[in-house]
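Single-structure report; data block below.
Computed from a predicted model, the values in this text were never measured in an experiment. Below, chains carry the letters A, B, ... as their sequence lines are ordered, and counting in each starts from 1.
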Amino acid sequence: MKSRLKEIFPDFQEEGLIEEIAKHGIIKPFKKGEEFLRPGKFINSIPLVLEGIIKISKKDNFDNEVILYYLKKGETCAHNLHCCMVNEVSQINAEAETDVTLLFIPLEFLDKWSTEYVSWKRFVLKTFKNKFDQLLQVIDEIAFNNIDYRLINYLNEKQKIAKDNIIKTTHQDIAIDLNSSREVISRLLKKIEHQGKIKLGRGKIELINLM
DNA sequence: ACATTAATTGTGT
DNA sequence: ACACAATTAATGT
C-alpha cells in the first residue's frame, strides 16, 4: 500500500505522512456512472484518486450540467478541500467517469497534516493553483473569441466620434486599444472588408455597411 | 518627375 | 508572436 501511494503521489515526501495516509485513508471503489457527491451534502472526507477518472460538475438553476473539470490519478478536488476546511456543504456533483478507486481522507486530518507535513501543504496549494490556472486559461479563451465583436464595437464608437464614415487610424493603434496584436487586427479587418462592410486604406477605414 | 525614406500593411512559418 | 516582404504616403532633389 505504501509503495503504491509513493508511486501515485510522488509529491508526498515524509515517511510519516505516507504512513498516516495508509492508516487512516479509506479505500472505496466506484463503478462507472456512480454519483458520490451531491450539492448540499456535508463533506466529511476528501477523495484522493488512486485509479480512474472522476468528473466534477455543477448543475445550474435550470437543468443543464456544467462540467467544471476532471480529476485523474494522483489528484484531488479543490472544491472539496475548501469545503472541508471551512465546514461548508458541497456545491458540486462528483461522478465516476470510469470505474474508479478513491482513497478518502477523513476531514479531521486536513488541518493537522497541513501543519505537520510540508509536502501535504504543498500538495493542497498545488491543487488550488492548478484549478486557478485552468480558470485563467478559460478567461483567455473567452477574451480571444470576443475580439471580433469588440472590433466591430470599436469601429462603431469611432464612427460616432468622427461624424464621418472614414475613420483615420492605423491597425497598430487599434491593436493597442483592444489589447491585441497588429497582425490579428489586420487579418480581422480584411475579413470584414471581404464581407463588404468596410473599405480599407492606408491609415484609414471607410465604413460601408457595418452592423 | 524621380529617388529616397519612413510608416503602414500583408504574409508565411 | 516574430520576421520579413510588399505597398503606400511623404519628402527631398
### Task
Rounded to the nearest angstrom, tell me the gap between atom NE2 in A/His171 and atom P in C/dA9.
13 Å

### Message
Without decimals, in angstroms, what is the distance between A/Leu200 CG and C/dT8 P?
### Response
12 Å

### Query
Would you say the side chain of A/Leu5 lies within less than 4.5 Å of the side chain of A/Phe12, judging by non-hydrogen atoms?
no

#### Entry: Minimum heavy-atom distance between A/Gly196 and A/Asn209, given as atom pair plus value
O-CB, 4.0 Å

### Query
Counting side-chain heavy atoms from CB outward, which of C/dA1, C/dT7, B/dG10 is closest to A/Arg202?
C/dT7

## Note on the structure
From NZ of A/Lys204 across to P of C/dT7 the rounded distance in Å is 18 Å

### Message
Output the rounded distance in Å from CD1 (A/Ile185) to P (C/dA1).
### Response
11 Å

### Task
Using atom CD of A/Gln172 as one end and atom P of B/dA6 as the other, report the distance to the nearest whole Å.
18 Å

Table please: side-chain donor-acceptor pairs of residues 43-56 of chain A below 3.5 Å, with sequence neighbours left out.
none

### A/Lys190 NZ to B/dT9 C1', straight-line distance once rounded to whole Å
9 Å

### Message
Tell me the interatomic distance from A/Ile192, atom CD1, to B/dT9, atom C1', rounded to whole angstroms.
### Response
16 Å

### Query
Below 4.0 angstrom from OP1 or OP2 of B/dT8, is there any side-chain N or O of A/Thr170?
no

Using a cutoff of under 3.5 Å, can you pull out all pairs of nitrogen or oxygen atoms linking the protein to nucleotides 2-5 of chain C, with atom names and distances?
residue : atom : partner  : partner atom : Å
C/dC2   : N4   : A/Glu183 : OE2          : 2.7

#### Entry: Closest non-hydrogen atom pair, A/Leu110 against A/Ile105
CD2-CG2, 4.4 Å

### Message
Under a 3.5 Å cutoff, is there a donor and acceptor pairing between the side chains of A/Glu14 and A/Ser119?
### Response
yes

Using residues 172-181 of chain A as the side-chain source, report each donor-acceptor pair under 3.5 Å to any protein atom, sequence neighbours left out, with the distance given to one decimal.
residue  : atom : partner  : partner atom : Å
A/Asp173 : OD2  : A/Thr170 : OG1          : 3.3
A/Asp177 : OD2  : A/Tyr154 : OH           : 2.6

### Message
Expressed as a whole number of angstroms, how long is the span from A/Ile176:CD1 to C/dA1:P?
### Response
13 Å

